[in-house]
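First comes the structure, then the notes that go with it.
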2 protein chains.
Amino acid sequence: MKTVTMADVANQANVSKSTVSQYLNKRYDYMGEKTKIRIAQAIEELGYQPNIVARSLKQKSTKTIGVIVANILHTFSTEVSRAIEDACNMEDFHTIICNADDDPAKEKKYIEMLRAKQVDGLIIFPTGNNRELYRKMLDEKYPLVFMDRPVAEIPVSSVMLNNEKASGLAVNHLINNGHRRLAMITASTTENVSPRVERMEGFKKALHSHKLPVSEDYMKSVEPDQVNGTLEDMWKLDEPPEAILAGNDLVLKEILQFVKQKDLNIPRDLSIIGIDDVPYASFYNPPLTTIAQPTFQMGTTAAQVLLNKINKKQPADNLPDDRFEPELKIRESVADKGGVQS
Amino acid sequence: MKTVTMADVANQANVSKSTVSQYLNKRYDYMGEKTKIRIAQAIEELGYQPNIVARSLKQKSTKTIGVIVANILHTFSTEVSRAIEDACNMEDFHTIICNADDDPAKEKKYIEMLRAKQVDGLIIFPTGNNRELYRKMLDEKYPLVFMDRPVAEIPVSSVMLNNEKASGLAVNHLINNGHRRLAMITASTTENVSPRVERMEGFKKALHSHKLPVSEDYMKSVEPDQVNGTLEDMWKLDEPPEAILAGNDLVLKEILQFVKQKDLNIPRDLSIIGIDDVPYASFYNPPLTTIAQPTFQMGTTAAQVLLNKINKKQPADNLPDDRFEPELKIRESVADKGGVQS
DNA sequence: CTGAAAGCGCTTACAG
DNA sequence: CTGAAAGCGCTTACAG
């Protein structure tokens, strides 16, 4: 299994390595027709495949980018990653996806590993706790874009959802259908993960603007494994909520499990809206009303912004953060209690 | 952003590049204590990060493997991929995942791309239509393992499910619960994709062994977008099936959609079992009885077999194909019609 | 139109 | 205990 190299091709074709290289890179400008043919034949006969590692070393570009996802278990992450991959493929870039598992230490390890592998740029769903590292990359002008979350004081372009609006859309829909006692559960906000904070804020604001009371008992930010206990507590209240907004897909799953365990009927006993249009939403019983994120657009945009930075088409992080619009997908998990349609 | 190289570190520490390299590779055998410290300091001060691309070129090993999945939309693929990643991480190997999208042309492109990138080995969920390429890799003794499917006449170790047993488990469970009219739908077998064929075979055999008639009207292998039409046809029969076995997760999804559209009740009107333990199985309404594949084990095994080949611990493809055992997860989508429990 | 030469950033016998 | 030198497989000015 001796590998055939460019030198072998050059020999076989009776030209120099330089010429073979030109040929491979389609710089045919002054190349003789017969030379081309000889080279093509030699490549064919020897079954030559260029060694990209060698090329990368010389060119100082690997034509690949890294993406570090905070947590691959979210459908959001997988969908966005796929969109990034597709967009990169269009431009002949490859993609290496890593899962930080919500662990800043892992995130750091992956950033270093990917940079050691000389990826040309990074799209990071930041855990938020590697500020020095982010800062260093910014200072070095290393091509970087954040996804889903910004990082305070690190002015790097970030591709994000309009999170407040996402909650607003849900609250409006619920209120328009006659609901009054609305609850919301998000994942833990202890790390100050901004989408969770913003979604909760949006929830409060929307309640306010409808002149509804905002009760702390109805608003919880907890770890997934505590969602069940949290719901138990709510159900012990004199007035349990009539509707609940799940801050993301993992929370939704826990809520659905609780509903089953309590043998509640959706939407008769409880209306549900989930942020993230989970894959089973349309064929669940009942079909689930959700707030969809435009994952495809978001991934595509992130890839384009990064590729522009890599290609120096865009000098700095001067553009405003992109905020993408959520979309309400009305299905059947919200009861019609005779509210006003807006 | 001038990158700092090993030469810079050597200068700073007043040693040669060789010594720095030794240090980095922890070959401390004869290294002076003060030398070590000087090098460590220099690395620290300069913020030096080794360039893995350069190392790979020299060492002719990238410490990364590629995995080419037939279709990333299957939960099976994503779960197995994650297991492979984890197993590789343990051994300090990286993983690049590519999605062939059931398209042999894409598969070929990825094989070539990954080999050009000098990955040390490949795990392929084969589409089956690149036999010459597979053959070539076998001949070159390039480290390779197949997942999910074998390839006829290409004796490369393949990690697979015991597919016949998977169907058998489902049929037995259904019959034990008093069902008689059993149907099965799998994805298209036109490409001779063996798991689909084997699952259908297993279904037939199990029926036989229970002395039940095998009706062609109840056994269909079609593309996902034809599942709905196929079911419509079955429901026009004088006796539609009482129970249906979904050959994989994508087929299951289509069946569930059909059930909803026809407003059928599971399991009163129709019992369902799906091969692949889909993530929503436990909290669907009703919870879905499934046949689970040991995806974690399968991925881990594939990674280990490949890593062994790469490390030459294992000379050839002499080991028998691994067949992994499916597991019946009894939940609530199968009616109890008073059969005999086995 | 094509080739000789230098160099990308490492590693690795080998010499001392 | 450490260094000089060659080489991994390419690309790219530059010369002719």
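The sequence lines fix the lettering, A, B, ..., with proteins before strands; numbering per chain opens at 1. What you see below is based on every heavy atom in this structure, not just the backbone, and it leaves out hydrogens, waters and symmetry mates.
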Self-check item: Value in whole Å for how far the P atom of D/dT11 lies from CG of A/Leu57
Solution: 11 Å

Exercise. Specify the separation, in whole Å, of atom CG of B/Asn51 and atom P of C/dG7.
Key: 18 Å

Quiz item: Rounded to the nearest Å, what distance is computed from the NZ atom of residue B/Lys117 to the P atom of nucleotide D/dC8?
Solution: 23 Å

Quiz item: In whole angstrom, what separates B/Leu46's CG from C/dG9's P?
Solution: 14 Å

Quiz item: Of all of residues 13-23 of chain A, which get a heavy atom below 4.0 angstrom from DNA chain D, listed by number?
Solution: A/Lys17, A/Ser18, A/Ser21

Quiz item: Going by an N to O cut-off under 4.0 Å, is there a salt bridge joining B/Glu33 and B/Lys36?
Solution: yes

Quiz prompt | Strand DNA chain C in bracket notation, Watson-Crick/G-U under 3.5 Å with | for pairs to another chain | solution = |||.||||||||.|||

Practice problem: Quickly work out the A/Lys63 NZ to D/dC10 P distance and round it to whole Å. | Solution: 18 Å

Quiz item: Is the number of heavy atoms from other residues, nucleotides or ligands under 6.0 Å of A/Lys108 NZ greater than 12?
Solution: no

Quiz item: With a cut-off of 6.0 Å (strictly less than), are more than 12 heavy atoms of other residues, nucleotides or ligands near CD of A/Glu44?
Solution: no

Quiz item: Taking everything shown except B/Glu153 itself, do over 12 heavy atoms lie less than 6.0 Å from its CD?
Solution: no

Quiz item: Out of curiosity, B/Glu91 CD to B/Leu306 CG, how far, rounded to the nearest 0.5 Å?
Solution: 11.0 Å

Quiz item: Does any N or O in the side chain of B/Arg55 come within less than 3.5 Å of the main-chain N or O of B/Thr62, such that one atom is a donor and the other an acceptor?
Solution: no

Self-check item: Separation between SG of A/Cys88 and CG of A/Leu307, rounded to the nearest 0.5 Å
Solution: 5.5 Å

Practice problem: Identify whether the distance between the nearest side-chain nitrogen and carboxylate oxygen of B/Arg115 and B/Glu140 falls below 4.0 Å. | Solution: yes

Exercise. Please determine if a side-chain N or O atom of A/Gln59 lies less than 4.0 Å away from the OP1 or OP2 oxygen of D/dT12.
Key: yes

Quiz item: In whole angstroms, how far is the P atom of D/dA6 from the NZ atom of B/Lys58?
Solution: 12 Å

Quiz item: Taking CD from A/Gln49 and P from D/dG9, how many angstroms apart are they, rounded to a whole number?
Solution: 15 Å

Exercise. On DNA chain D, check which nucleotide each of B/Thr35 and B/Lys60 is closest to and give me the residue with the more 5' one.
Key: B/Thr35

Quiz prompt | Proximal nucleotide (of C/dC10, D/dG9, D/dC10) relative to the A/Arg55 side chain | solution = D/dC10

Quiz prompt | side-chain N/O A/Asn25 vs D/dT11 OP1/OP2, d < 4.0 Å | solution = yes

Quiz item: Base, sugar-phosphate, or nothing: which does B/Ser56 touch, judged by heavy atoms less than 4.0 Å apart?
Solution: nothing

Quiz item: How close or far is atom P of D/dT2 from atom CG of B/Leu24, stated in whole angstroms?
Solution: 15 Å

Quiz item: Where do A/Ala54 and B/Leu57 come nearest, in terms of heavy atoms and distance?
Solution: CB-CD1, 3.7 Å

